[in-house]
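Accompanying notes for the structure given below.
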Amino acid sequence: MSTRTVTVLNVAEKPSVAKSVSAILSRNQGLRVREGRSRYNKIFEFTYSIRGQPCQMLFTSVTGHLMELEFEDRYRKWHSCDPADLYHAPVRKFVPEDKKDIKRTLEEEARRCQWLVLWLDCDREGENIAFEVVDVCTAANRYVTLKRARFSALIDREIHNAVQNLVEPNKWFADAVDARQEIDLRIGASFTRFQTMLLRDAFVIDTPTDDRNLVLSYGPCQFPTLGFVVERYWEIQAHEPEEFWLINCSHRSDEGVANFSWMRGHLFDYTCAVIIYEMCTEEPNATVTNVKQQEKLKYPPYPLNTIELEKRASRYFRMSSEHTMKVAEELYQAGFISYPRTETDSFSSRTDLHTIVQEQQGHPEWGIYAQRLLDPGTGLWRNPRSGGHDDKAHPPIHPTKFSAGEAGWSQDHRKLYELVVRHFLACVSKPAVGAETIVEIDIAGEQFSVCGRVILEKNYLDVYPFESWGGSMIPTYTVGQQFIPTTLTLDSGVTRPPPLLSEADLLSSMDKEGIGTDATMHDHIKKLLDRFYVTKDSSTRFTPTNLGEALVMGYDDMGYKLWKPDLRAVMERDMKSVSEGVKSKDEVLANSLQQMKACFLDARLNKVKLLEAMGIFFERSNRAGGDELHATGEVVRKCGLCQESDMVLKKNRDGNFMVGCLGFPQCRNAVWLPGSVSEAAVTTNTCNICTPGPVYLIQFKFRQLEIPPNYSVNHLGCIGGCDEVLTQLTEICGRGPRMPARARGPITPTSHANQSDTRQGLCTNCQQTGHSLNDCPSQNLGSRNAERRRMNQHNGNFDLHAGEDSVSCSSCGAPCVLRTANTANNRGRKFYSCQSQECNFFVWEDNLNNSTGERSFTRSNTIPASNPGRNGGRGRGQRGRGSRSGPHAATATFVSATGDPISGRRCFVCGDPSHFANVCPNRGG
DNA sequence: GCAAGGTC
């Protein structure tokens with residue numbers, strides 16, 4: 001061991017780490033600081049001893065990556081080569097202009113050093129940056145000795161331990177990043193050039209930018225992010241509202257009101273609901289069967305990491321994630337909050353949490369709370385929970401300096417600082433405590449329940465007003481107590497589509513699927529907005545633009561998952577293999593690029609899919625010569641929306657008919673016609689109902705196999721809104737162009753609030769353009785259609801291929817045919833349908849067999865046997881007489897749980913076929 | 001003019 005002092009160049013990934021580590025190692029003794037070439041990256045100097053070796057330590061930093069990857073010059077220009085060449089064009093790493101000063105500092109300092117110690121973040125990117133630093137330093141001084149400091153937190157013990165146990169840099173980690181960079185560059189550049197050059201000039205793309213400057217970028221992170229937005233949008237469009245029924249019960253006493261909920265939730269079968277409701281109203285006496293009292297805790301949030309900060313700022317303040325990170329960065333630079341880019345959501349046991357709280361005691365708004373927190377007598381303190389993530393480099397985001405507001409702060413600086421402080425104080429507080437009482441009652445064998453809650457201690461909620469926990473008082477009940485409900489109603493509702501994705505939803509999806517990193521997610525979201533792929537409304541919800549939807553649709557029609565997270569997931573797995581030494585960088589690169597090139601070439605062969613998808617939304621540009629997709633058709637009426645142009649009948653390339661406004665794209669009024677239309681021609685006959693006229697009638701011919709048997713193949717119809725046949729067939733068969741085929745995966749009925757803001761001009765009832773929900777022509781038909789569905793459950797597209805398994809209709813005796821439903825909710829489900837056009841009988845096949853599952857619970861024509869007590873011989877004489885064996889009827893007779901045949905057309909109280917029992921005037925009570 | 005990843 002030489003006793004001669006060696007000079008050691010230490011390099012951290014960012015200035016803050018250089019400063020912290022220098023302070024720890026020098027113990028703030030003899031620490032000097034001087035300027036480097038870069039104004040942000042200072043150089044700290046102090047003496048230290050590494051394993052007995054006296055060292056003159058120089059500590060500086062970079063700012064993230066020092067180098068970028070680019071194609072060689074001759075491939076840089078867009079028209080310099082075929083985009084497919086970019087999969088093998090030579091690439092090089094270089095130091096960009098704005099990093100040259102850091103490079104010069106490293107070169108100058110390296111020349112006078114014997115050792116180089118790499119203090120970059122201990123993750124893959126950090127390891128890669130370490131090798132960039134090594135490249136620069138060894139080019140200036142090839143004799144320098146390389147060492148890596150491996151640390152897991154910026155705390156004394158870790159740092160001293162790291163410097164006394166220096167290791168070798170990990171090439172595998174760095175290789176993994178090299179592979180990722182190269183794949184991202186080649187895929188991104190090739191697809192971006194391809195789709196931009198293919199589409200930009202071929203269509204009139206109405207974006208706020210000059211067409212010539214429009215870039216239709218593709219990237220392995222931005223496209224899956226776009227995919228999340230489009231997928232949700234399609235889910236909303238494919239949603240078929242479904243009517244459901246539920247029984248509500250309330251009870252008012254001297255102590256207040258209790259609103260009981262039906263424990264079945266709701267039923268989709270009206271007849272079932274009516275039967276049960278009937279039983280309840282006939283024996284309305286309620287018996288309290290259970291009173292459950294329990295203490296409930298509402299826990300404070302986990303310590304704050306980047307994604308959570310972005311999500312909460314979006315939810316509480318509607319700040320964009322990009323703006324949040326900008327403001328957080330400024331607060332960090334000014335020393336008010338800790339480092340804002342961190343995955344960590346648990347505090348190290350060594351963090352001095354009390355001191356952080358102490359600093360906040362003087363704040364006019366939360367100072368008192370901080371004082372209470374520190375007073376052991378209050379018992380308010382509780383050690384923070386662990387969220388389970390630790391990036392080993394930074395603590396959770398927390399306040400680092402007291403402020404009651406600074407002169408230069410904007411409202412957003414104040415809000416974000418307040419969020420960070422209140423979140424921190426909440427984390428070290430006790431959970432809120434509530435007392436919950438759940439009361440269950442039985443009415444005629446049906447169970448109902450209500451929950452009351454009293455907040456006993458607010459605790460953390462006192463300092464965290466962003467979260468709330470509602471209390472609700474209910475009267476006192478005892479088991480066995482009986483009462484007559486104040487109200488007992490049969491109510492209806494309709495399933496709603498899920499809402500558009502909010503910024504917080506989007507961040508969650510990206511986080512879950514591994515798209516981007518905590519430091520880049522907001523960039524990808526911003527990129528979608530900058531590229532005009534999506535728009536964001538005032539409640540931070542995202543809608544794809546026509547451009548965004550068309551691009552995703554084009555690749556989807558090719559059958560590629562380029563807009564799904566899968567590609568990124570595969571790359572992530574490959575990177576992991578490289579970083580573990582399981583695969584080599586070259587192997588992964590060769591394999592991955594070969595596959596992606598094949599995919600690229602295939603996509604280019606199938607470019608017509610992209611063109612077709614774009615053609616649905618955009619006019620062909622004259623620049624590209626001609627407009628084959630929008631040939632002018634016959635005039636049907638004057639457009640009621642723009643009141644300028646004519647609406648004409650058109651046939652799209654995919655064979656579907658529509659009536660669209662010639663003012664397109666300025667006016668987007670359109671009526672989509674049923675997908676089952678095979679021929680359509682405008683006649684000279686006019687409608688004498690629809691205004692403003694004239695509205696010319698259209699002679700339609702439908703494909704027989706695609707419409708229910710009780711509809712005629714030929715139909716003279718009106719698109720003005722008066723034509724119920726057309727409306728029904730549109731509902732049954734789906735609209736022509738695209739939406740029915742877009743429903744991906746099961747669409748779960750949800751009860752979210754009505755869609756407030758979908759794409760402009762799109763009706764939320766029928767999803768067509770040209771009118772709003774309020775004046776939707778299908779709106780008033782909705783209830784009639786629901787009624788029709790109840791009467792005649794032929795609510796599907798029918799495939800008449802399976803005719804052999806026939807049974808006799810129990811209603812009229814005619815043969816029944818086994819068919820397959822083709823609606824979104826029942827696609828593939830078999831049912832028997834009577835062949836007689838006069839008879840409406842049908843029964844689901846799985847109700848005849850012993851099928852099980854939720855579907856039979858919610859949509860079955862028989863009452864589920866979830867409540868066997870109901871058949872206990874109560875009610876009117878005939879009820880309970882039935883020979884029902886299990887949850888499903890064993891014969892083709894359409895029966896209720898009680899065994900009663902159900903005609904579906906008469907009132908159960910008076911037998912009158914003109915109404916149902918819930919509105920029967922003879923029902924009484 | 002293209003990606004995504006660091007960071008001021």
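To find a chain, count down the sequence lines: A is the first, B the second, and so on, and within it residues start at 1.
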Counting just side-chain N and O atoms, does A/T63 come under 4.0 Å of either OP1 or OP2 of B/dG6? no
Under 4.0 Å between a side-chain N or O of A/R531 and OP1 or OP2 of B/dG1? no
When you measure from the side-chain N and O atoms of A/K527 to the phosphate of B/dA3, is any distance below 4.0 Å, counting only OP1 and OP2? yes
For A/Q181 and B/dA3, is the shortest distance between a side-chain N/O and OP1 or OP2 below 4.0 Å? no
I want to know whether A/F223 and A/Y218 have ring centres closer than 6.0 Å. yes
On a plain distance test, is the side chain of A/Q222 in donor-acceptor contact with the base of B/dC2 below 3.5 Å? no
Is there a side-chain polar atom (N or O) of A/R39 under 4.0 Å from OP1 or OP2 of B/dC8? no
Is A/W78 stacked on the base of B/dG1, meaning ring centres closer than 5.5 Å and planes within 30 degrees of each other? yes
Output yes when at least one side-chain N/O atom of A/R568 is less than 4.0 Å from OP1 or OP2 of B/dG5, else no. yes
Side-chain N,O (A/R341) to OP1/OP2 (B/dC8) below 4.0 Å: yes
When you check the phosphate oxygens OP1 and OP2 of B/dA3, does a side-chain N or O of A/S217 lie under 4.0 Å from one of them? yes
Would you say A/Y75 reaches B/dC2's phosphate, i.e. side-chain N/O to OP1/OP2 under 4.0 Å? no
Measuring to OP1 and OP2 of B/dA3, would you say a side-chain N or O of A/H524 lies under 4.0 angstrom away? no
OP1 or OP2 of B/dG6 less than 4.0 angstrom from a side-chain nitrogen or oxygen of A/T517, does that happen here? yes
Which word best sums up how the rings of A/F151 and A/W119 line up, parallel for under 30°, tilted for 30 to 60°, or perpendicular for over 60°? tilted
